[in-house]
Amino acid sequence: MVKVAILGFGVVGSGVAEVLTGNGAGISKKADDLIELKYILDVRDIPDSPFAGCFVKDFAVIEADPEINVVVETIGGVGAALDFTERALKAGKSVVSSNKELVATHGRRLLELAAQNNAVYLFEASVGGGIPILRPLSECMAANDILEICGILNGTANYIFTRMVQDGIPFEQALKGAQANGYAEQNPAADVEGMDTCRKLCILSSIAFGWHLLPEQVPTTGITKITLADEAYAAASGRRIKLLGRAIAREDGSVCPYVEPHFVSLQDPLGGVEDVFNAIKVKGDAVGDVMFYGRGAGKLPTASAVVADVIAAARQLTRAGYHPWQENRPEKVLPADQLESAWYVRLAEGTLSTGEKLTIAGGEPGESGWITQPMTRGQLDALLADRKVLSVIRVLD
Ligand code: HSE
């Protein structure tokens, strides 16, 4: 018998309780053991909940209960979530998490702590919501040296772009829709300023390259400055705007990670990814390009990935884990400044001497949109000196 405690009864935690109990018979069969929800930790009183009998307010109850084998951490953040994760692992309980911030910041140490205590720390739901990505990357692509990771990793940002383009609504209104659907973080700044994508890129990179890439090492630009005019110029060039997390490996073992909005061609599979969907392209030296696609946020898709980890933890306890991450390697992190690409530029007035001019219907008088030749950001800044620049967005090659 495997008894489970869920920490945090928010969007994801409540989804985990629903899936664990609603699909209970099939889940227990696949785990080769009976899986039962015993506790839910939350500071609130929720008397109307069908799980009312499970609620506790003190983590010590869970920590001290020898019947609890698996703890699901869906609190988020790096405060109580870190404390409870450490205590659960030290008590020999496996921990399953959807907490990107915690894994991206403390993942290496928590994996080590799990191994020391004969437990596992699993976090499939922390990247790509319901998409199976971390276990396939860690196990099914293990024969490859990973050359590049490039992904749409934030459902909220992608939902906002889709609503802006398809419904013609402004940014703020589109964000409200993402919040109403349970896609956005409690503080949506993490979604729209790119930190959530940055954290997910760090988790993917740490698994792919074997050493812990830290969020502060990833230059990150969000989507708050994107306007409907930028979207119109993207459409005029046969592209869409997507927030991408990218990590490009060099032959010498160094890695160039960054998060930025990009113009992405509609011919590229990433260009057609809409709504809350995420997609992650991984290039291996043997397999070539592999793409993972699915719902990147939301209650039940995320719960699907969490519960799969509960089953994995129940089945194999110590053998289900990820490979250990080595210490951070600052000397291996390259700046994105040297990365050449074409650029989209929107000018308030005047023209550019080189590049392709874009035309949209109903643009502001004097404004113009351009796609430049490939160049570094430094070369672009030199080209744009003395111009009135409204937008600059990298074009994905
Ligand atoms: N806020 C996140 C997103 C949730 O929109 O992608 C899933 O990690």
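These figures come from a predicted structure and were not determined experimentally.
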query: Between L358 and S237, what is the shortest heavy-atom contact and its length?
result: CD2-CB, 3.6 Å
query: For D45 and K57, what are the C-alpha separation, side-chain angles and deciding distance, and is it a salt bridge (Lys or Arg N to Asp or Glu O under 4.0 Å)?
result: CA-CA 9 Å; D45 290 313; K57 287 202 165 68; 2.5 Å; yes
query: Under the side-chain hydrogen bond (donor to acceptor under 3.5 Å, both in side chains) test, which residues partner W370, sequence neighbours left out?
result: S368
- prompt: Can you name the closest pair of heavy atoms from V95 and A88 and give their distance?
  reply: CG2-CB, 3.7 Å
- request: Kindly give the heavy-atom pair with the smallest separation between V96 and V310, and that separation in Å.
  value: CG2-N, 4.0 Å
Which atom pairs, donor and acceptor, lie under 3.5 Å between side-chain atoms of residues 340-350 and protein residues at least two apart or in another chain?
unit_1	atom_1	unit_2	atom_2	d
S341	OG	R394	NH1	3.1
W343	NE1	S341	O	3.1
W343	NE1	M375	O	3.0
Y344	OH	D230	OD1	2.6
R346	NE	D230	OD1	2.9
R346	NE	S391	OG	3.3
R346	NH1	E367	OE1	3.0
R346	NH1	E367	OE2	3.4
R346	NH2	T227	OG1	3.3
R346	NH2	S391	OG	3.2

Minimum-distance pair of heavy atoms, taken over all atoms of F292 and P136: CE2-CB, 3.6 Å
message: Is it the case that the side chain of D196 and the backbone of A190 share a donor-acceptor pair, with hydrogens and angles ignored and the cut-off at 3.5 Å?
response: no
statement: Sorted by chain and number, sequence neighbours left out, salt bridge (Lys or Arg N to Asp or Glu O under 4.0 Å) with R329 holds for E331
field: Value rounded to 0.5 Å, distance of CG in N118 from CD in Q116
entry: 11.5 Å
task: Output yes when a side-chain donor or acceptor of E260 lies under 3.5 Å from a complementary backbone atom of I393, and no otherwise.
output: no
- prompt: Backbone N or O of V11 within a donor-acceptor pair of the S14 side chain at under 3.5 Å?
  reply: yes
query: Going by heavy atoms in the side chains, are L213 and V255 under 4.5 Å from each other?
result: no
Validation row: I6, C54 side chains within 4.5 angstrom (heavy atoms): no
- prompt: Are any of the side-chain heavy atoms of I280 and I149 separated by less than 4.5 Å?
  reply: yes
field: Interatomic spacing from CG in L175 to CD1 in I160 - rounded to 0.5 Å
entry: 4.5 Å
query: Under a 4.5 Å cut-off applied to non-hydrogen side-chain atoms, are L102 and L110 in contact?
result: yes
statement: Note: with side-chain heavy atoms under 4.5 Å as the link, the other cluster members for L339 come out as I248, Y258
task: Please answer whether the main-chain N or O of P170 pairs with a side-chain N or O of Q173 as donor and acceptor at a distance below 3.5 Å.
output: no
- prompt: Please, which pairs that meet salt bridge (Lys or Arg N to Asp or Glu O under 4.0 Å) have at least one residue in residues 179-195, sequence neighbours excluded?
  reply: K100-E185
Partner residues of D386 under the side-chain hydrogen bond (donor to acceptor under 3.5 Å, both in side chains) criterion, sequence neighbours left out: none
field: CZ-CG distance between R199 and N99, expressed to the nearest 0.5 angstrom
entry: 9.0 Å
task: Could you work out the complete set of other residues in the hydrophobic cluster of L34, with links drawn between I, L, V, M, F, W and Y side chains under 4.5 Å apart?
output: M1
field: Mutual orientation of the aromatic rings belonging to F123 and Y322 [parallel < 30°, tilted 30-60°, perpendicular > 60°]
entry: tilted
query: Between R108 and E112, does a salt bridge (Lys or Arg N to Asp or Glu O under 4.0 Å) hold up when you go through it step by step?
result: CA-CA 6 Å; R108 193 191 77 79; E112 205 172 72; 3.3 Å; yes
query: Of all residues at least two apart in sequence or in a different chain, which pass the side-chain hydrogen bond (donor to acceptor under 3.5 Å, both in side chains) check with Q326?
result: none
Any T376 side-chain heavy atom under 4.5 Å of D337 side chain: no
message: Distance check, rounded to the nearest 0.5 Å: I133 atom CD1 versus K200 atom NZ?
response: 12.5 Å
query: Between the side chain of N181 and the main-chain N/O of Y183, is any donor-acceptor distance below 3.5 Å?
result: no
message: Between R250 and D252, does any NZ, NE, NH1 or NH2 come within less than 4.0 Å of an OD or OE carboxylate oxygen?
response: no
Less than 3.5 Å apart, which donor and acceptor atoms pair up between the side chains of residues 161-168 and the rest of the protein, not counting sequence neighbours?
unit_1	atom_1	unit_2	atom_2	d
T162	OG1	N158	O	2.9
T162	OG1	E274	OE1	3.0
T162	OG1	D275	N	2.7
R163	NE	D167	OD2	2.7
R163	NH1	D275	OD2	3.2
R163	NH2	Q166	OE1	3.2

message: So, taking the atom named OG in S126 and the one named CD in E101, what distance separates them when rounded to the nearest 0.5 Å?
response: 12.0 Å
query: So do L270 and K281 actually touch side chain to side chain, heavy atoms under 4.5 Å?
result: yes
statement: Of V282, I146, L137, the one forming a side-chain contact (heavy atoms from CB on, under 4.5 Å) with L204 is L137
message: Looking at A60, is its backbone amide N or carbonyl O close enough to the side chain of D58 to form a donor-acceptor pair, meaning the two atoms are under 3.5 Å apart?
response: yes
- prompt: Does some side-chain heavy atom of T221 sit less than 4.5 Å from a side-chain heavy atom of P261?
  reply: yes
query: Can you check whether I75's main-chain N or O pairs, donor with acceptor, with E73's side chain at less than 3.5 Å?
result: yes
task: Quick one: list whatever passes ring pair (Phe, Tyr, Trp, His ring centres under 6.0 Å) with F209, sequence neighbours left out.
output: none
field: Test item: N278 side-chain N/O and G129 main-chain N/O as donor-acceptor pair under 3.5 Å
entry: no
query: Listed by chain and number, what are the salt bridge (Lys or Arg N to Asp or Glu O under 4.0 Å) partners of D32, not counting sequence neighbours?
result: none
message: Going by salt bridge (Lys or Arg N to Asp or Glu O under 4.0 Å), name the residues that satisfy it together with E86, two or more places apart in sequence or in a different chain.
response: R109
- prompt: Do F277 and L244 share a hydrophobic cluster, counting only Ile, Leu, Val, Met, Phe, Trp and Tyr and linking them when any side-chain heavy atoms are less than 4.5 Å apart?
  reply: yes
message: Which label fits F9 and F51: parallel for a plane angle under 30°, tilted from 30 to 60°, or perpendicular past 60°?
response: perpendicular
query: Taking the side chain as C-beta and beyond, is there a heavy-atom pair between P374 and D397 under 4.5 Å?
result: no
- request: Check the hydrophobic clustering (I, L, V, M, F, W, Y; side-chain heavy atoms under 4.5 Å; chains of links allowed) and say if L384 and I371 are grouped together.
  value: no
- line: d(C150 SG, L201 CG) to nearest 0.5 Å is 9.5 Å
task: Answer yes or no: is there a donor N or O on one side and an acceptor on the other, between the side chain of K93 and the main chain of D65, under 3.5 Å?
output: yes
- request: Say whether, by atom type as modelled, one donor and one acceptor occur between the side chain of R315 and the main chain of K30 under 3.5 angstrom.
  value: yes
